[in-house]
Amino acid sequence: MTLLLLASQSAIRLTLLQNAGIQVQAHPARVDEQALQEALKAEGASPRDIADALAEAKALKLAQRYPQALVLGCDQILALGTRLFAKPETQAEARQQLLDLSGQTHQLLSAAVLYHEGQPIWRHIGVARLVMRQVSDAYLTQYLDRTWPAVQHSVGSYQIEAEGIRLFSAIEGDYFTILGLPLLPLLSYLSLRGFIPS
């Protein structure tokens, strides 16, 4: 089985890969995500293209350091129409994000790009649509008091694998995509190419 290098500091992505029996090491790739995202938005790039470009930038950065390795870059974008959300820095910012998403349908776009021998060999963008119910101020206050700072590490200020699932009335899409990694298409490709046994 080929060792996979994960160009990310995401604990959930690392755990998902390990739980699937993948030999993986995490090596966070230092890229200026905000600057790249702003430049792409200024060029009129779609949320889908932004997610893909950020994932590729991370994979490329690590692939340049380890040119013979199998490197996975990932990124996730939350889009409400054309508006993009980032991870909240404060509890007040998290509250505002949830108020903005309340009663709305938003998209999570999870991009993954694989590099091997210094070249991109595979990419995939998983899309999920989530409908957030109308959330009362009282519940929102209690929710953030209970879940902060854990939700600080989640774009949109929720975690569907925890209490955040109570914020939603409907979800359309793959569970792993929502967690930030289109795992099933990735495993299919790794198996097809012989990187993992099938």
Side-chain angles (χ1 to χ4, degrees), residues 2-20 22-80 82-88 106-130 153-156 159-161 173-193 195-196:
T2 303
L3 176 66
L4 178 68
L5 301 184
L6 176 63
S8 172
Q9 57 187 359
S10 166
I12 189 71
R13 289 187 185 110
L14 180 62
T15 299
L16 290 173
L17 290 164
Q18 289 172 333
N19 287 350
I22 303 299
Q23 291 181 13
V24 58
Q25 291 179 1
H27 293 266
R30 307 286 181 212
V31 298
D32 190 339
E33 294 183 52
Q34 186 173 356
L36 181 54
Q37 188 176 122
E38 290 301 321
L40 290 165
K41 279 167 41 178
E43 295 172 3
S46 69
R48 183 183 187 90
D49 290 341
I50 292 171
D52 182 62
L54 289 169
E56 178 150 12
K58 294 173 187 178
L60 174 61
K61 183 92 174 210
L62 197 60
Q64 289 171 336
R65 286 173 47 203
Y66 303 97
Q68 300 306 311
L70 184 63
V71 177
L72 176 64
C74 303
D75 199 79
Q76 186 178 61
I77 294 287
L78 188 158
L80 180 61
T82 58
R83 180 180 169 197
L84 304 184
F85 283 63
K87 293 175 183 174
H106 66 268
Q107 286 189 328
L108 284 175
L109 301 102
S110 291
V113 177
L114 268 178
Y115 266 64
H116 187 234
E117 297 179 346
Q119 298 294 322
I121 58 168
W122 177 86
R123 66 183 65 239
H124 182 85
I125 301 172
V127 181
R129 290 169 182 80
L130 297 88
H153 307 293
S154 301
V155 64
Q159 295 172 311
I160 69 155
E161 68 274 24
D174 177 75
Y175 177 73
F176 300 110
T177 291
I178 295 168
L179 295 184
L181 178 66
L183 185 60
L184 296 176
L186 173 64
L187 293 176
S188 294
Y189 179 79
L190 292 175
S191 176
L192 182 68
R193 283 291 304 272
F195 290 116
I196 61 173

Closest approach of A57 and L36, non-hydrogen atoms and distance? CB-CD2, 3.8 Å
Partners passing side-chain hydrogen bond (donor to acceptor under 3.5 Å, both in side chains) against S154 (at least two apart in sequence or in another chain): none
With sequence neighbours left out, write down each residue that passes side-chain contact (heavy atoms from CB on, under 4.5 Å) with S8, or none if nothing qualifies. L6, S10, R13
In terms of heavy-atom contacts, V71 and A59 come closest through CG1-O, 3.6 Å
Can you list every pair that meets ring-ring contact (aromatic ring centres under 6.0 Å, His included) and has a residue in residues 23-78, with sequence neighbours left out? H27-Y66
Within the structure provided, determine whether L78 and H106 are in side-chain contact (heavy-atom separation under 4.5 Å). yes
Quick one: CG on L60 to CZ on R65, what's the gap to the nearest 0.5 Å? 12.5 Å
Qualifying residues under salt bridge (Lys or Arg N to Asp or Glu O under 4.0 Å), relative to R30, sequence neighbours excluded: none
Quick check on Q9: does its CD atom have over 12 non-hydrogen neighbours (other residues, nucleotides or ligands) under 6.0 Å away? no
CG-CG distance between L130 and L80, expressed to the nearest 0.5 angstrom: 11.5 Å
Pairs under 3.5 angstrom only: tabulate donor-acceptor contacts from the side chains of residues 113-122 to other protein residues two or more places apart or in another chain.
{"from": "Y115", "atom 1": "OH", "to": "E56", "atom 2": "OE2", "distance (Å)": "2.7"}

If the condition is salt bridge (Lys or Arg N to Asp or Glu O under 4.0 Å), which residues does K87 pass it with, not counting sequence neighbours? none
According to side-chain hydrogen bond (donor to acceptor under 3.5 Å, both in side chains), who are the partners of S46, at least two apart in sequence or on a separate chain? D49
Residues two or more places apart in sequence or in another chain: which of them pass side-chain contact (heavy atoms from CB on, under 4.5 Å) with Q37? K41, I50, L54, I77, L84
If the condition is side-chain hydrogen bond (donor to acceptor under 3.5 Å, both in side chains), which residues does S191 pass it with, not counting sequence neighbours? S198
R48: what forms a side-chain hydrogen bond (donor to acceptor under 3.5 Å, both in side chains) with it, not counting sequence neighbours? none
Can you name the salt bridge (Lys or Arg N to Asp or Glu O under 4.0 Å) partners of E33, sequence neighbours left out? K58
Identify the heavy atoms of A55 and A111 that sit nearest to each other, and give their distance. CB-O, 3.7 Å
Residues 174-187 side chain polar contacts: donor-acceptor under 3.5 Å, at least two apart:
{"from": "D174", "atom 1": "OD2", "to": "F176", "atom 2": "N", "distance (Å)": "3.0"}
{"from": "D174", "atom 1": "OD2", "to": "T177", "atom 2": "N", "distance (Å)": "3.0"}
{"from": "D174", "atom 1": "OD2", "to": "T177", "atom 2": "OG1", "distance (Å)": "3.4"}

Could you grab the distance from atom SG of C74 to atom CG of L14, nearest 0.5 Å is fine? 11.0 Å
Hey, what do you get for CD1 (I196) to CG (L4), rounding to the nearest 0.5 Å? 9.5 Å
In Å, rounded to the nearest 0.5 Å, how long is the span from CG of L108 to CZ of R129? 11.0 Å
Reported CG-to-CG distance for the pair L5 and L72, which is rounded to 0.5 angstrom: 9.5 Å
